[in-house]
Structures are given as C-alpha cells and as structure tokens.
Amino acid sequence: KYAELVVLKELDREVRSSYELQYTASDRGVPSRTGTTLLKINVADSNDNSPIFDKSSYVINLPESSPVGTLLIDLNATDLDEGTNAKIVYSFSSHVSPKIMETFRINPDSGHLTLVRRVDYETMSSYDIDVQAQDMGPNSMPAHCKILVKVGDVNDNKPDISINLMSSQGNGDAAYISEASALDTFVALVRVEDMDSGLNGEVAISLDKCESRSDLLWALMGALVFLW
C-alpha cells in the first residue's frame with residue numbers, strides 16, 4: 001500500500017528552506033495500532049535571484065591630486081541564493097571605454113573600485129562608470145550600478161603670460177615706442193591664462209618692477225599703456 005506526497009504550491013527556499021512532516025498510520029483492528037515517522041524535507045536552491053546593489057547609482061568626488069591606489073568606493077551587492085548561486089563577481093560593464101579601464105580598477109571579489117592612473121581635471125573633469133555584479137550560478141542575470149566620478153580641481157597650474165607687442169624690432173622680444181607718444185598710447189596686449197577652475201583659475205596681474213625713475217610711467221588697464 002502506497003501514498004504519494006506531492007507539491008501543491010510553489011516552493012521558495014528564501015522564504016522557507018525546510019519542512020518536517022509527521023506521518024501516522026493506523027490499522028482498523030481492535031484495539032487499533034498506530035505507527036509514526038518523521039520526514040524532513042530540505043528545499044534545494046535554484047538560481048532564481050539576481051544580485052542587488054545597495055544603491056543603483058553613486059556620485060564620488062575625487063581630487064585630481066589623489067594618488068594611485070586611492071579607494072573610491074567599496075561596492076556591495078547581495079544575492080539571496082546560496083552556494084555558487086550567491087557567489088558574486090564584480091566587473092566593468094562590457095561597454096565601458098578603454099579610458100576608464102586604464103584609469104580605474106575593480107576588484108572582482110571585493111568590489112573595491114580603486115585608482116590606477118592619476119586623473120587630470122583639465123583633461124577630463126568626470127567619468128561615467130558602469131559596473132555589474134553577477135553570480136556564478138547557471139543562467140545568471142547581472143545587476144548594474146552607475147558611478148559618476150567628479151574630478152575636483154586643485155591649483156596645479158600656474159598662470160601663463162603672453163604679450164602681443166604693438167611694435168617691435170629685431171627678434172621681437174621688446175616693444176619700441178616713440179618718446180613723443182601721447183598718454184594712453186597702446187604698447188602691448190598682455191594675455192594671462194590659467195588652466196585651473198574657480199578661484200584657482202582667477203588671475204590678478206600687476207607690475208612688480210619698472211626700470212625707470214620713481215614716477216609712475218606704466219599702468220595695466222587690461223592693456224599696457226604709456227603714462228606720464
């Protein structure tokens with residue numbers, strides 16, 4: 001004599017991983033005799049869960065002076081499955097640019113995103129990085145996370161001064177002006193450029209020394225002019 005035990009509802013190991021069923025069999029004799037047994041059922045895991053990141057996106061501020069090896073973020077993804085179905089491997093998404101892979105590294109086991117090449121605000125001020133977490137189980141589906149790295153400017157560039165002369169002779173390294181020149185006569189256009197941003201790129205220019213008598217002969221007014 002047999003009785004079949006069948007599943008009537010869907011099982012979910014993540015909700016309940018085991019069951020204990022007690023069976024009792026009674027005969028119809030007088031007096032009745034009974035026998036009992038206990039059946040334990042363990043629900044085996046199937047790879048029905050994908051990894052989940054703590055957050056779907058992050059914004060990281062990275063000073064351009066940061067040294068190689070700087071840890072940007074410790075990514076964390078979790079998977080409700082068990083065993084190899086819950087073993088997570090981190091990587092860059094397949095469409096990230098070679099520039100990103102040359103500049104950053106992600107540890108496949110820990111999810112640590114680190115700097116492997118110095119960044120330069122004046123060359124690239126931000127990086128959009130797509131990272132994925134995928135479990136080692138069959139038919140796995142990766143989870144994705146977006147990381148925006150904003151490179152912070154530091155004052156690593158000095159002002160560059162260039163001078164366009166009104167008139168010059170010889171090799172052009174000096175301006176020539178007639179002693180009969182009137183006041184406010186244009187002598188040279190002074191151009192100052194600083195590659196930094198914000199206050200780091202704001203420049204004040206001044207005349208430090210003049211090889212002349214103590215009277216004020218020269219002034220900067222956006223352009224260099226001749227005063228008496």
Side-chain angles (χ1 to χ4, degrees), residues 7 9-19 40-158 193-201:
V7 177
K9 294 183 179 180
E10 288 187 355
L11 301 174
D12 188 346
R13 189 202 62 83
E14 289 73 40
V15 175
R16 187 170 180 178
S17 61
S18 65
Y19 297 82
K40 184 174 183 179
I41 301 174
N42 292 321
V43 181
D45 185 46
S46 64
N47 196 23
D48 58 346
N49 291 282
S50 296
I52 300 175
F53 281 101
D54 290 344
K55 294 175 62 177
S56 61
S57 63
Y58 295 88
V59 177
I60 299 172
N61 295 309
L62 179 69
E64 63 176 330
S65 58
S66 301
V68 169
T70 297
L71 175 64
L72 280 74
I73 189 172
D74 180 6
L75 291 170
N76 183 59
T78 55
D79 193 310
L80 294 176
D81 295 317
E82 66 177 3
T84 57
N85 295 335
K87 172 63 176 176
I88 295 175
V89 175
Y90 300 89
S91 63
F92 293 121
S93 298
S94 58
H95 59 273
V96 300
S97 67
K99 181 69 174 179
I100 289 177
M101 291 188 288
E102 293 170 358
T103 308
F104 304 97
R105 177 183 182 273
I106 185 166
N107 186 296
D109 298 317
S110 66
H112 289 178
L113 182 67
T114 55
L115 186 67
V116 295
R117 176 178 289 185
R118 294 285 295 270
V119 293
D120 184 5
Y121 174 86
E122 288 73 36
T123 302
M124 184 172 290
S125 61
S126 66
Y127 296 84
D128 288 304
I129 305 175
D130 290 324
V131 174
Q132 68 180 27
Q134 189 167 7
D135 64 49
M136 299 292 290
N139 304 316
S140 61
M141 295 293 292
H144 295 272
C145 176
K146 292 186 177 295
I147 302 172
L148 173 60
V149 178
K150 294 183 177 181
V151 180
D153 184 39
V154 298
N155 196 21
D156 58 346
N157 292 283
K158 65 181 181 180
E193 185 176 11
D194 193 309
M195 296 297 292
D196 294 317
S197 64
L199 292 177
N200 295 332

N49 side, atom CG; M141 side, atom CE - distance, nearest 0.5 Å: 13.0 Å
D130 and H95: side chain donor to acceptor below 3.5 Å: yes
Q132 (side chain) donor-acceptor with S93 (main chain) under 3.5 angstrom: no
Residue that, paired with N47, satisfies side chain to side chain donor-acceptor pair (under 3.5 Å) out of N139, T84, D135, D79: D135
Geometric class of the F53/Y90 ring pair [parallel <30°, tilted 30-60°, perpendicular >60°]: tilted
Where A77 and A133 come nearest, the two heavy atoms and their spacing: CB-CB, 3.9 Å
Shortest non-hydrogen contact from M124 toward V151: O-CG2, 3.7 Å
Side chains of T103 and L115 in contact at under 4.5 Å (non-hydrogen atoms): yes
Atom of K9, atom of V7 and distance for their closest heavy-atom approach: O-CG1, 2.9 Å
Residues forming a side-chain hydrogen bond (donor to acceptor under 3.5 Å, both in side chains) with S56, sequence neighbours excluded: none
Crowding at CE, M101 (>12 non-hydrogen neighbours, <6.0 Å): yes
Side-chain heavy atoms of I147 within contact of Y127, under 4.5 Å: no
Taking every non-hydrogen atom, the tightest pair across P138 and N85: CD-OD1, 3.5 Å
Value rounded to 0.5 Å, distance of CD1 in I73 from OH in Y58: 5.0 Å
Distance in Å, D153 CG paired with S65 OG, rounded so as to fall on 0.5 Å steps: 10.0 Å
From D54 atom CG to L75 atom CG, the distance as rounded to the nearest 0.5 Å: 9.0 Å
Side chain R118, main chain P67, donor-acceptor under 3.5 Å: no
Note, V59 side chain near K150 side chain (heavy atom, < 4.5 Å): yes
Worked verdict on S57 versus L148 for side chain to side chain contact (heavy atoms under 4.5 Å, CB included): CA-CA 8 Å; S57 63; L148 173 60; over 6 Å; no
M136 backbone acceptor or donor facing S140 side chain under 3.5 Å: no
OG on S50 to CD on Q134, rounded to 0.5 Å: 8.5 Å
Minimum side-chain heavy-atom gap V149-I129 below 4.5 Å: yes
Any side-chain heavy-atom pair of V154 and Y121 under 4.5 Å: no
Heavy-atom closest pair, residues E14 and D81: OE2-OD1, 3.2 Å
Rounded distance [0.5 Å steps], CG in L62 versus CZ in F104: 6.5 Å
